[in-house]
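So the structure is just underneath, and the comments pick up after that.
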Amino acid sequence: GKAPRTQEDRERAAQDKIDEALSCSCVDDLKQGPCGAPFVKAFSCFIKSQQPSFEATDCTVGFAHLKECMIKHPEQFEDLAEAFKPKAAEAADE
């Protein structure tokens, strides 16, 4: 594919990437939970900041809001924390 030329094209390309990322069933629980709105904002910002010409996107505010929400609703993120734990530890228990 050709690199998008105009700022508008780049915005659209970045938004497509965001929509694609958010359509993954892997983030459904996060989107539907109590932190859905801040999650979508922070995640969208992160995806956008990975796109060409948007590297300077500042996501600190979005992530701060998400973090506040995560602290208020830790139960929402237990599964997520589990998913990121190193798998090697489980083998030792057996």
Side-chain angles (χ1 to χ4, degrees):
K2 295 193 299 287
R5 281 182 302 277
T6 67
Q7 183 63 18
E8 199 176 306
D9 285 341
R10 286 194 289 264
E11 285 279 355
R12 198 172 299 121
Q15 190 56 54
D16 286 346
K17 279 272 194 295
I18 291 166
D19 292 343
E20 195 181 314
L22 285 171
S23 68
C24 174
S25 60
C26 55
V27 295
D28 281 353
D29 290 351
L30 291 172
K31 288 191 301 187
Q32 284 149 23
C35 299
F39 168 73
V40 168
K41 240 197 181 84
F43 189 59
S44 300
C45 187
F46 170 73
I47 301 284
K48 187 172 186 175
S49 71
Q50 303 294 300
Q51 304 311 308
S53 84
F54 293 107
E55 292 90 350
T57 304
D58 182 7
C59 300
T60 47
V61 173
F63 276 104
H65 287 165
L66 177 58
K67 193 174 168 189
E68 277 168 31
C69 191
M70 288 171 83
I71 291 165
K72 280 184 207 144
H73 302 277
E75 73 289 343
Q76 234 343 89
F77 294 93
E78 278 168 11
D79 296 347
L80 197 64
E82 285 298 316
F84 286 113
K85 275 190 188 145
K87 292 280 177 270
E90 289 171 20
D93 296 337
E94 286 170 30

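All of these numbers come straight from a predicted model, not from anything done at the bench. For the numbers below, each heavy atom of this structure counts, side chains included, while hydrogens, waters and symmetry mates do not.
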| Within-4.5 Å side-chain heavy-atom neighbours: Phe39 and Val27 | yes
| message | Tell me if the CZ atom of Phe63 is crowded by more than 12 foreign heavy atoms within 6.0 Å. | response | yes
| Side chain Lys48, main chain Ile18, donor-acceptor under 3.5 Å | no
| query | Pick from Glu68, His73, His65: which one makes a side chain to side chain contact (heavy atoms under 4.5 Å, CB included) with Cys35? | reply | His73
| field | Over 12 foreign heavy atoms within 6.0 Å of CD, Glu8 | value | no
| query | Hey, what do you get for OG (Ser49) to CG (Asp58), rounding to the nearest 0.5 Å? | reply | 9.5 Å
| query | Without hydrogens or angle criteria, can the side chains of Asp9 and Thr6 be said to hold a donor-acceptor pair below 3.5 Å? | reply | yes
| task | Using the side-chain contact (heavy atoms from CB on, under 4.5 Å) rule, take Lys31 and Val40 through it: C-alpha gap first, then chi angles, then the decisive distance, then the call. | result | CA-CA 7 Å; Lys31 288 191 301 187; Val40 168; 3.9 Å; yes
| ILVMFWY cluster, Ile47 and Phe54 together (side-chain gap under 4.5 Å) | no
| query | Distance from Leu66 atom CG to Cys59 atom SG, nearest 0.5 Å? | reply | 11.5 Å
| Looking just at side-chain N and O atoms, do Arg12 and Gln15 make a donor-acceptor pair shorter than 3.5 Å? | no
| said: Give me the atom names and distance for the closest heavy-atom approach of Leu22 to Ser44. | reply: CD1-OG, 3.6 Å
| remark: In short, Cys69 meets Pro34 closest at the heavy-atom pair SG-O, 3.9 Å
